[in-house]
Undergrad: 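Structure in structure tokens, see below.
Throughout, numbering of the chain's residues begins at 1 and tracks the sequence.
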Amino acid sequence: MKKSFVLLFFTFFALNVFSVDLINEDSVQSYRDAKSFFLNKEYGKALDKCEEAITFRKENVLEEVSIITEALKPKQVQRAGDDLSAVLKVLNERNEKRPISVINKYIKLKGEDYFENSISKLISHIQQK
């Protein structure tokens with residue numbers, strides 16, 4: 001029973017975490033450690049590492065959302081509205097590298113059409129991770 005629970009947990013975790021392209025290193029390392037513990041039949045430690053990896057991933061998502069929302073606060077950026085292209089243009093003019101990097105990561109992953117050229121839809125997508 002315990003083995004099936006841990007296996008189910010690993011499967012769920014792998015589908016959720018690795019469906020994204022760039023995940024922070026702490027999350028990846030914790031997942032690798034969990035896999036190693038599982039293969040060595042140390043199920044308790046494997047479960048702990050899985051939970052740690054999930055926590056790291058959640059923190060990463062919160063950080064990405066925070067980076068984007070902070071970048072959207074200046075009046076100059078707010079004037080661009082919800083238009084993703086216009087927001088990116090203003091962020092480029094302001095030389096805001098971190099939010100541009102986060103936005104481009106998701107555009108590269110899903111494409112601009114997926115977000116319907118809307119910065120708010122991009123943020124909603126990130127928050128659903």
Undergrad: Determine, stepwise, if the pair Gln29 / Phe56 fulfils side chain to side chain contact (heavy atoms under 4.5 Å, CB included).
TA: CA-CA 10 Å; Gln29 186 58 49; Phe56 283 134; over 6 Å; no

Undergrad: Find out whether Ile123 and Gln127 are in side-chain contact, i.e. whether some heavy atom of one side chain is under 4.5 Å from a heavy atom of the other.
TA: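 Ile123 reaches Gln127 side chain to side chain.
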
Undergrad: So, do Phe38 and Lys45 sit near enough that their side-chain heavy atoms are less than 4.5 Å apart?
TA: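 No, side chains not in contact.
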
Undergrad: CD1 of Ile67 to NZ of Lys97: how many Å apart, nearest 0.5 Å?
TA: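 Going from the CD1 atom of Ile67 to the NZ atom of Lys97 covers 14.5 Å.
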
Undergrad: Between Asn60 and Ser27, is any pair of side-chain heavy atoms under 4.5 Å apart?
TA: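 In short, these two side chains do not touch, never coming nearer than 4.5 Å.
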
Undergrad: Is any side-chain heavy atom of Lys121 closer than 4.5 Å to a side-chain heavy atom of Tyr114?
TA: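 When only atoms from C-beta onward are counted, Tyr114 and Lys121 do not touch, as no gap falls below 4.5 Å.
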
Undergrad: May I ask you to test the Ile107-Leu84 pair for a side-chain heavy-atom distance under 4.5 Å?
TA: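 Touching, per the 4.5 Å side-chain cut-off.
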
Undergrad: For the residue pair Arg32 and Val28, establish whether any side-chain heavy-atom pair is separated by less than 4.5 Å.
TA: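 Yes. Closest side-chain heavy atoms under 4.5 Å.
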
Undergrad: Would you check if Asn95 and Ile100 make a side-chain contact, meaning some heavy-atom pair closer than 4.5 Å?
TA: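 No, side chains not in contact.
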
Undergrad: Does the side chain of Val65 reach to within under 4.5 Å of the side chain of Val102, using non-hydrogen atoms?
TA: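 Counting from C-beta outward, Val65 and Val102 never come under 4.5 Å.
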
Undergrad: If you round to the nearest 0.5 Å, how far is CG of Asn104 from CD of Glu112?
TA: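 Answer for the CD-CG pair, Glu112 versus Asn104, is 9.0 Å.
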
Undergrad: What closest approach, in Å, do Leu122 and Tyr106 show between heavy atoms, and which atom pair accounts for it?
TA: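 Looks like CD1-CB, 4.1 Å.
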
Undergrad: Consider only side-chain heavy atoms of I, L, V, M, F, W and Y, link residues closer than 4.5 Å, and tell whether Leu109 and Ile126 are in one cluster.
TA: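 Yes, Leu109 connects to Ile126 through the hydrophobic network.
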
Undergrad: Of all the heavy-atom pairs spanning Gln78 and Lys73, show the shortest one and how long it is.
TA: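 In terms of heavy atoms, the two residues are closest at NE2-O, 2.9 Å.
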
Undergrad: Using every non-hydrogen atom in the two residues, find where Val77 and Val87 come nearest and quote the distance to one decimal.
TA: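 So the minimum-distance heavy-atom pair works out to CG1-CG1, 4.2 Å.
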
Undergrad: Does Asn40 reach the main-chain N or O of Glu42 with its side chain, forming a donor-acceptor pair under 3.5 Å?
TA: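 Answer holds: no.
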
Undergrad: To the closest 0.5 Å, what do you measure between CG (Leu72) and CD (Glu96)?
TA: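 If we round to the nearest 0.5 Å, Leu72:CG and Glu96:CD are 10.0 Å apart.
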
Undergrad: Please test Tyr31 against Glu52 for side-chain hydrogen bond (donor to acceptor under 3.5 Å, both in side chains), starting from the C-alpha separation and ending with a verdict.
TA: CA-CA 8 Å; Tyr31 173 74; Glu52 182 179 283; over 6 Å; no

Undergrad: Could you tell me whether a side-chain N or O of Asp82 sits under 3.5 Å from a main-chain N or O of Ser120, the two making a donor and an acceptor?
TA: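 Such a contact is found between Asp82 side chain and Ser120 backbone.
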
Undergrad: Could you grab the distance from atom NZ of Lys35 to atom SG of Cys50, nearest 0.5 Å is fine?
TA: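 Output value for this atom pair is 11.0 Å.
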
Undergrad: If you round to the nearest 0.5 Å, how far is CD of Glu59 from CG of Asp26?
TA: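 Result: 8.5 Å between the selected atoms.
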
Undergrad: Can you check whether Ser85's main-chain N or O pairs, donor with acceptor, with Asn117's side chain at less than 3.5 Å?
TA: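 Looks like yes, one N/O pair under 3.5 Å.
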
Undergrad: For the atom pair NZ (Lys49) and CZ (Phe37), what is the distance rounded to the nearest 0.5 Å?
TA: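 Going from the NZ atom of Lys49 to the CZ atom of Phe37 covers 6.0 Å.
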
Undergrad: The test is salt bridge (charged side-chain N to carboxylate O under 4.0 Å, His left out); show your working for Glu64 and Arg98 and say whether it passes.
TA: CA-CA 9 Å; Glu64 288 176 340; Arg98 287 190 75 196; over 6 Å; no

